[in-house]
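Encoded as structure tokens, the structure appears first; notes follow it.
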Number of protein chains: 2
Amino acid sequence: MTGVIRSNEVRRGNRGLVLSAVRTGGLVSRTDIGRKTGLSAATVSAITSDLIADGFLIQPADVGQASTSSRRGRPKVALSVNPMAALIGVVIFQFNRVSAAIVNYSGAKISECSRDLTSADLSREGVRDVLVECLQAALNSSGLKKSLLMRIAVSVQGVTDVAGKYLLWSPITDHRDLPVADWMRQAFGVAASVSNDCDLMARALNRREPDRYGTSFASIMLSYGVGMGLFLRGDIINGLNTSGTEFGHMVYQPGGALCRCGRLGCIEAYAGDYAIQRAAFGRPNYTPPPALTDPIDFKKISDLAHSGDPRAIHAIEEAGRAIGTGLVSLFALVDAFPIALIGQGTIVFDLMEPAIRKALQGAVAGEGPSIEIHCFTDENPLVAEGCALTALVVLDEEIADAAVN
Amino acid sequence: MTGVIRSNEVRRGNRGLVLSAVRTGGLVSRTDIGRKTGLSAATVSAITSDLIADGFLIQPADVGQASTSSRRGRPKVALSVNPMAALIGVVIFQFNRVSAAIVNYSGAKISECSRDLTSADLSREGVRDVLVECLQAALNSSGLKKSLLMRIAVSVQGVTDVAGKYLLWSPITDHRDLPVADWMRQAFGVAASVSNDCDLMARALNRREPDRYGTSFASIMLSYGVGMGLFLRGDIINGLNTSGTEFGHMVYQPGGALCRCGRLGCIEAYAGDYAIQRAAFGRPNYTPPPALTDPIDFKKISDLAHSGDPRAIHAIEEAGRAIGTGLVSLFALVDAFPIALIGQGTIVFDLMEPAIRKALQGAVAGEGPSIEIHCFTDENPLVAEGCALTALVVLDEEIADAAVN
DNA sequence: CCTATTTAATTCGAGGGTCGAAAAAAATAG
DNA sequence: CTATTTTTTTCGACCCTCGAATTAAATAGG
């Protein structure tokens, strides 16, 4: 049961369509919008005129035209999102670092701010205070009216609830069930949501490279633990209650190596940063993972392995086997899709790839070797982009819904 | 991008809502429909009057009222689906057996027919011919006009394409890529689809027990191999290209026991019928699974195990560990949900359950022991029900879409 | 310079939808 | 036999999209 459809909801849906066409299109004419959305020129005209009147779209005066106009006829008049229509706050909570930014409605960063700290030492209130203070500082330094702030998106390393209200569990703090969204809402008086960083990276790739990542793919982060963001048929996949898609905690070797989560044999217990380090330095795989300390120096292990150290090589290969085996299980469920590998771990991808491919061999009718895998070593730009994107998309939906009555 | 919404599509959606409210409700008044769907009385009146005029709904004359009417006021007039509005054909292709039935638009079985045969011996055309002939016989014995046949749904043991056109792979025949839907369409001149039997069982449970299985659950079939039907948030999950959710081919022990699919270590290679038999009788786990033969006699293994045979007990426990471990991986992806175990394998569930629960222990924040697991030993009624249901639901959608222009 | 042509955007009525309020229908209570 | 209650239909207001006609704004070319 999808629920009743009423007449005015038609308008809401189509307003959203127009808004999203302009957001992804940059500078587009009304005719372009009609072609992209399938709406008639009459309807596009009506909707854009509303959105302009409400201040969400503008006709940039200086830009005459989108395309190189050498044809005759009345020239297209380009529309774009109004950068000043709203501000959003972006906060990123990482290991030993909090950063924040103010982004305008067209997605451009206005100001930013960051704090280095020891995340494991923070009290619950300490976490709250640093998140709030950092965004406050970014807001202050933006020099813009605070009343323009419309929404806040927070990225965290860890598991959130599916509604985006709580940070339920995180490897970088011992606190649980932190009401991050409420903290931000109370401090700034606007709606806020909190998301898993891997989901945000996936959203960024999904928007940034629609040809490759527009419909179905997984982004697997190899740095602090093993995380995943999963898109299937154009939609992000989450758990029923949590942010879910914890690829790192699928089982690779039942009863095997000790994982940071306390269970045995998880993929992360073989492919996580601490697991590779543990294996590379010959420590037994039941060695408890170092809690809340620095991510390992992948560079050191990479150097060791590339200089021929057999334990380092074996550690990396075992990580590849774990990842490849996990992908086989995932592909058994939903068929194969391209993979984006993200994070510091990608600097040993050359040594890891053969093991991944070998594990995939024979899975899903010979598709093994043809699975696309691409690497992105620096996750930070993706997280920031995905975080802003999330807030903007939700804002667009709210604006679309806020039609007359 | 969800796509444009036009005015007449609003009507289509709401017609579908009304139709589905009547189908699930049995005998419902217009007021009831309004309450169930959220539509206004005026709209319900308009839509039902259309649907009655088109012959899809009727007001059964003999039934005055749905509820026990002892209140005053104008009595409700009950509506129901018109059983004579359409016929659908149901065909079930199983190991060494084909069965077919004719079901009317209200879901009642009109006639049926079955054929025992040796499925492994059939040629491609032989498969086609027996499926067509069996349904033809059921149709003939129904005694109803053949022109009433509107749609055919076929259930198969095996992997189908996601569009429901082909049987791509099956354990019960060596043929591949059988165009089952086209065969039926060409033979009977109506639209047809082919579905994985485990998906159909899940659909049947989803409809039959909405309180327990209405939103999220998995049905795992333990008989001929290991199959799964998965519902999340009310929608069935399929692969990107195939019917997918091949739980049995997630990896349990990398490099482990030989699976019927040719790979090593699949869950099915430990929990499938042939795997349990192999282990119970002390044959090595690299013994090739007997191809295309009878499903094993679970009763014999059950008797052995219940009489204390250590190898039989161990075989069943290992199957439980494999299933439990697979669930841990699945729950890592999408969080925990209730499980329905289906098929002959459930007769050893008492010996299997402790191993399943132990594997789940500690997974997903102490939810291990509280996962609901219920057993259904006979899968056949579920498959038949799900198969008819699938055709009826699609038919309802077509009828809803066939609004005026 | 001026007109024909071309393309973009707006305006205007037609048509289809849902909804609330009022009206009609069909029973019971007394 | 009338008042009351509940269900169902009817009617008018309002919203939305669309096609066709109209208006707007440029170029091409004599």
Quiz prompt | Check against side-chain contact (heavy atoms from CB on, under 4.5 Å), Leu230(B) and Ile236(B) | solution = CA-CA 6 Å; Leu230(B) 178 61; Ile236(B) 196 157; 6.0 Å; no
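- A straight line from CZ of Arg35(B) to C1' of dT6(D) spans 12 Å, rounded to a whole angstrom.
- Atom pair Leu17(B):CG and dG17(C):P shows a separation of 15 Å (rounding to whole Å applied).
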Polar atom pairs between nucleotides 8-11 of chain C and protein, under 3.5 Å, N or O only, would you list them?
| unit_1 | atom_1 | unit_2 | atom_2 | d |
| --- | --- | --- | --- | --- |
| dA8(C) | O4' | Arg74(A) | O | 3.1 |
| dA8(C) | N3 | Arg74(A) | NH1 | 3.4 |
| dA9(C) | OP1 | Val77(A) | N | 2.9 |
| dA9(C) | OP1 | Val77(A) | O | 3.4 |
| dA9(C) | OP2 | Thr31(A) | N | 3.0 |
| dA9(C) | OP2 | Thr31(A) | OG1 | 2.3 |
| dT10(C) | OP2 | Arg30(A) | NE | 3.0 |
| dT10(C) | OP2 | Ser45(A) | OG | 2.5 |
| dT10(C) | O5' | Ser45(A) | OG | 3.3 |

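- Distance Arg11(B) CZ to dG16(C) P: 11 Å, rounded to the nearest Å.
- Protein atom CD1 of Ile47(B) is 12 Å distant from nucleotide atom C1' of dG16(C), rounded to whole Å.
- Between Ile102(B) and Gly89(B), the closest heavy-atom pair is CD1-CA, 4.2 Å.
- A straight line from CZ of Arg72(B) to C1' of dA25(C) spans 16 Å, rounded to a whole angstrom.
- Across all their heavy atoms, Ile58(B) and Pro83(B) have their closest contact at CD1-CD, 3.8 Å.
- You'll find that the side chain of Ser40(A) is closest to dG19(D), out of dT18(C), dG19(D), dG15(C).
- To the nearest angstrom, P of dC15(D) lies 14 Å from CZ of Arg15(A).
- Between the P atom of dT8(D) and the CD1 atom of Ile52(B) lies a distance of 10 Å, rounded to the nearest Å.
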Quiz item: Given Phe337(A) and Phe217(A), is the ring pair (Phe, Tyr, Trp, His ring centres under 6.0 Å) satisfied, shown in steps?
Solution: CA-CA 5 Å; Phe337(A) 41 68; Phe217(A) 77 103; 8.4 Å; no
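- Each of Arg207(B), Arg203(B), Arg208(B) was compared with Glu385(B) under the side-chain hydrogen bond (donor to acceptor under 3.5 Å, both in side chains) criterion, and only Arg208(B) meets it.
- Side-chain nitrogen and oxygen atoms of Asn14(B) include at least one within less than 4.0 Å of the OP1 or OP2 phosphate oxygen of dT18(C).
- What separates CZ of Arg6(A) from P of dT17(D) is a distance of 17 Å, to the nearest Å.
- Thr43(B) pairs by the side chain to side chain contact (heavy atoms under 4.5 Å, CB included) definition with Leu39(B), Ser40(B), Ile47(B), not counting sequence neighbours.
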